[in-house]
Amino acid sequence: MRRDSKLSGVLHVLLHLAEHDGPATSEVLAKAMSTNPVVVRRVMAGLRDHGYVHSEKGHGGGWTLACDLSKVTLRDIYEALGSPGLLAMGNRTESPGCLVEQAVNAALDQAFHDAEALLLARFGEVTLAMLFADCHDRLVSRGGAHDLESVHAS
């Protein structure tokens, strides 16, 4: 089953924007993400609608952060993306006639609900500033480059 990596990709882009001096074009961000600029524009437009990024058209334009990294959590970004499904597993049949399958569904439904609640709570505890600080701690531990842009390809 294919995993949905949109949240991971968007967080990656936002951290690059935080490091980037000035606006970054969709083409530059797409290259960093190994995707198409159209995909970047579509996702970034949704983030712009929530006030997390800003865009300028024309020469010298592009995307910039429009938020305080210490006030935005992973949950905020997750919700801005439309709250995609967190778990790939689900019940075989949603409305089974079989009593055995009803019991299985009840147990799984509760476990899925609990797992999602725990994951969303954790998303709410992690800010973009925390991720940004972790990136810089990793740079320091490498002992080489001084910014994220210079190590992206590493």
Side-chain angles (χ1 to χ4, degrees), residues 1-91 94-95 105 108-142 144-154:
M1 185 173 290
R2 184 166 158 76
R3 291 183 178 187
D4 182 342
S5 61
K6 187 184 289 186
L7 178 60
S8 176
V10 166
L11 294 171
H12 188 145
V13 165
L14 291 173
L15 293 178
H16 274 293
L17 282 178
E19 182 73 15
H20 198 67
D21 233 2
T25 65
S26 298
E27 289 74 19
V28 166
L29 295 174
K31 186 176 178 187
M33 295 305 304
S34 301
T35 192
N36 189 299
V38 172
V39 172
V40 170
R41 282 190 285 277
R42 187 178 312 125
V43 171
M44 297 299 279
L47 294 178
R48 181 185 56 215
D49 292 345
H50 284 83
Y52 298 125
V53 296
H54 177 73
S55 64
E56 288 290 329
K57 294 182 180 181
H59 183 71
W63 298 99
T64 55
L65 282 177
C67 62
D68 179 345
L69 296 183
S70 67
K71 291 184 169 51
V72 180
T73 66
L74 300 185
R75 186 169 183 161
D76 295 328
I77 301 302
Y78 165 78
E79 290 172 352
L81 294 174
S83 302
L86 291 171
L87 303 174
M89 292 190 303
N91 296 323
E94 289 304 317
S95 300
N105 283 6
L108 289 177
D109 285 344
Q110 187 60 53
F112 294 153
H113 178 270
D114 293 349
E116 286 185 355
L118 182 65
L119 186 55
L120 289 174
R122 179 66 180 136
F123 280 2
E125 296 170 358
V126 179
T127 66
L128 296 182
M130 293 164 74
L131 290 180
F132 192 73
D134 183 36
C135 291
H136 281 272
D137 289 346
R138 291 170 189 268
L139 281 172
V140 169
S141 70
R142 275 194 176 180
H146 298 289
D147 62 70
L148 295 176
E149 295 299 317
S150 60
V151 297
H152 188 270
S154 300

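Only this structure's heavy atoms are used, side chains among them; waters, hydrogens and symmetry mates stay out.
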Problem set entry | Val10 side chain near Tyr52 side chain, heavy-atom distance below 4.5 Å | no

Exercise. So with a 6.0 Å cut-off around CG of Asp21, is the heavy-atom count from everything else above 12?
Worked result: no

Problem set entry | Side-chain (His50) to main-chain (Gly46) donor-acceptor, under 3.5 angstrom | yes

Problem set entry | Closest non-hydrogen atom pair, Gly51 against Cys67 | O-CB, 4.2 Å

For this session: Kindly indicate, with the supporting measurements, whether the criterion side chain to side chain contact (heavy atoms under 4.5 Å, CB included) is fulfilled by Leu29 and Leu17.
Result: CA-CA 9 Å; Leu29 295 174; Leu17 282 178; 4.2 Å; yes

Problem set entry | Side chains of Pro23 and Glu56 in contact at under 4.5 Å (non-hydrogen atoms) | no

For this session: Kindly indicate whether the side chain of Val28, heavy atoms from C-beta on, has any atom under 4.5 Å from the side chain of Trp63.
Result: no

Exercise. Between His136 and Phe132, how do the two ring planes meet: parallel, tilted or perpendicular, split at 30° and 60°?
Worked result: tilted

Problem set entry | Ionic contact status for Arg75 with Glu79, cut-off 4.0 Å | yes

For this session: Could you give me the CA-CA distance, side-chain angles and deciding distance for Asp76 and Leu128, then say whether side chain to side chain contact (heavy atoms under 4.5 Å, CB included) is met?
Result: CA-CA 10 Å; Asp76 295 328; Leu128 296 182; over 6 Å; no

Problem set entry | Donor-acceptor under 3.5 Å (Ser5 side chain, Ser8 main chain) | no

Exercise. Is Asp114 reaching over with its side chain to a backbone N or O of Ala111, donor-acceptor style, under 3.5 angstrom?
Worked result: no

Seminar exercise, completed: Heavy atoms of Leu87 and Ala115 approach each other most closely as CD1-CB, 4.3 Å

